[in-house]
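Accompanying notes for the structure given below.
Both ligands and their constituent atoms are indexed starting at 1 by order of listing.
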Amino acid sequence: MGTAAETGTDRTDDARVVVLVAGGPEGPRPRVHPSDQPLLLADDLAAVRGDGCFETLLVVGGRPAKPERHLARLARSAASLGLTGPSPEQWLAGIDLAARRWGPDSEAMLRLVLSRGPERGGRETAYITVAPVSGVALRARADGIAVTALGRGYASDVAASAPWLLLGSKTLSYAANMAALRHAAAAGFDDVIYLSSDGEVLEGPRSTVVIARGGELVSPPAEVGILEGTTLAAMAEIAGAEGVRVRRERLLLTDLLAADAVWLLSSVTLCARVRRVDDVTLSTGDPGIDVVGMVDRAVGRG
Ligand code: PLP
């Protein structure tokens, strides 16, 4: 098993909450599961195939941040996999229970997991885990990050031409993303920005790329084969209300290098300013748009 530094996680704090969420309309209410007890059968398809989908959201002050956006995306991912999953009401009851169990004292990462269930047959598996926000995430927020640009090996039109790759879905098959992060860490970088084989900027393995340019914010469109970020969407709503335009436009690496600022946005790390891409140091001046503040307000921290 990799070290915490290699996997980009801190595994020093044992605090965990686990909530089992019933599937199907007649299922019982969600219930807390002892976090030190096994939950899945050994042949659960999440474990043996990564066959399922998930969401990760922030808990702030004991409350989940933008749960409706996450549930809408989870429903889209589930539909793309042919899964049903619990109803939004069942998920919300589970999220509420898990967040209350965690309490208001510290921020947490809450994960919703939906698996196809045991290979031998049976119901889908749906559960929630809550864990502390990692020190890696807190440092990225505070200090910014150095990233390496890595090829993803696909052209930017592959989402449409090969929908079975599920590029717009948040599936449990994240092993390649974790490998990219280990590859970056081994070379001394904090994170990754993926490029398509035709040179377009895509996304991070767990984040959305956004740049500031000439008083506007620009982020690649979903059709290049990336996950539609809930943090970007929530931030764009605030930005719009504050008169800042957020455009979706195809970007090249040279656009990042020339931008007034570059960030990686995601639900738990929130906003990490990119200070360096490979051996190029980026502008770290004030771009005149308070992206950190807008993201904070979008998730109920501001
Ligand atoms: N892209 C990928 C591949 C991700 O895993 C994530 C994180 O979930 C994001 C983008 C950012 O999405 P969000 O802002 O909803 O966390």
Handout entry: side-chain contact (heavy atoms from CB on, under 4.5 Å) assessment of S169 paired with L81
Key = CA-CA 9 Å; S169 301; L81 290 162; 5.8 Å; no
Problem - Distance-only side-chain donor-acceptor flag, K170 / S77, under 3.5 Å - result: no
Handout entry: hydrophobic_cluster_shared for V291 and I238, side chain cutoff 4.5 Å
Key = yes
Problem - Identified side-chain contact (heavy atoms from CB on, under 4.5 Å) counterpart of Y127 within the set V19, V21, L40 - result: L40
Exercise for the section: Examine ligand 1 and decide if any of its atoms is less than 4.0 Å from a heavy atom belonging to K170. Expected result: yes
Completion exercise
The protein heavy atom nearest to atom 16 (O) of ligand 1 is S267 OG, 2.7 Å
Completion exercise
Closest to atom 11 (C) of ligand 1 by heavy-atom distance, out of T208, V268, L58, is T208
Practice task
Looking only at protein heavy atoms, identify the closest one to atom 12 (O) of ligand 1 and say how far it is in Å.
Solution key: R73 NH1, 3.4 Å
Practice task
Verify the cluster assignment for M109 and L114: are they in a single hydrophobic cluster under the rule of side-chain heavy atoms below 4.5 Å apart?
Solution key: no
Problem - Nitrogen or oxygen of E228 less than 3.5 angstrom from that of ligand 1 - result: no
Exercise for the section: Would you check whether K66 has a nitrogen or oxygen atom less than 3.5 angstrom from a nitrogen or oxygen atom of ligand 1? Expected result: no
Practice task
Could you tell me which atoms of ligand 1, counted from 1 in the order shown, lie closer than 4.0 angstrom to a heavy atom of E203?
Solution key: 1 (N), 2 (C), 3 (C), 10 (C)
Exercise for the section: Look at ligand 1 and say whether G204 reaches it with a heavy atom at a distance under 4.0 Å. Expected result: yes
Practice task
Decide whether L264 and V218 are clustered together by the hydrophobic rule: side chain heavy atoms of Ile, Leu, Val, Met, Phe, Trp, Tyr closer than 4.5 Å, transitively.
Solution key: yes
Practice task
Identify, with sequence neighbours excluded, every residue that meets ring-ring contact (aromatic ring centres under 6.0 Å, His included) alongside F54.
Solution key: Y174
Handout entry: Hydrophobic cluster identity match, L265 and L57, side-chain contacts under 4.5 Å
Key = no
Exercise for the section: Run the numbers for me: atoms of ligand 1, each under 4.0 Å from some heavy atom of Y174, listed by number. Expected result: 2 (C), 3 (C), 4 (C), 5 (O)
Fill in the blank from the handout: shortest atom 15 (O) of ligand 1-to-protein heavy-atom contact is with T230 OG1, 2.6 Å
Exercise for the section: Check whether more than 12 heavy atoms from other residues, nucleotides or ligands sit under 6.0 Å from atom CZ of R49, and answer yes or no. Expected result: no
Completion exercise
A student comparing S169, S266, S207 should find that the heavy atom closest to atom 9 (C) of ligand 1 comes from S207
Handout entry: Close-contact set for ligand 1 against G229 heavy atoms, below 4.0 Å
Key = 12 (O), 14 (O), 15 (O)
Problem - Heteroatom proximity flag, T56 to ligand 1, N/O under 3.5 Å - result: no
Exercise for the section: Considering heavy atoms of the protein only, find what lies nearest to atom 14 (O) of ligand 1 and give residue, atom and distance to 0.1 Å. Expected result: T231 OG1, 2.6 Å
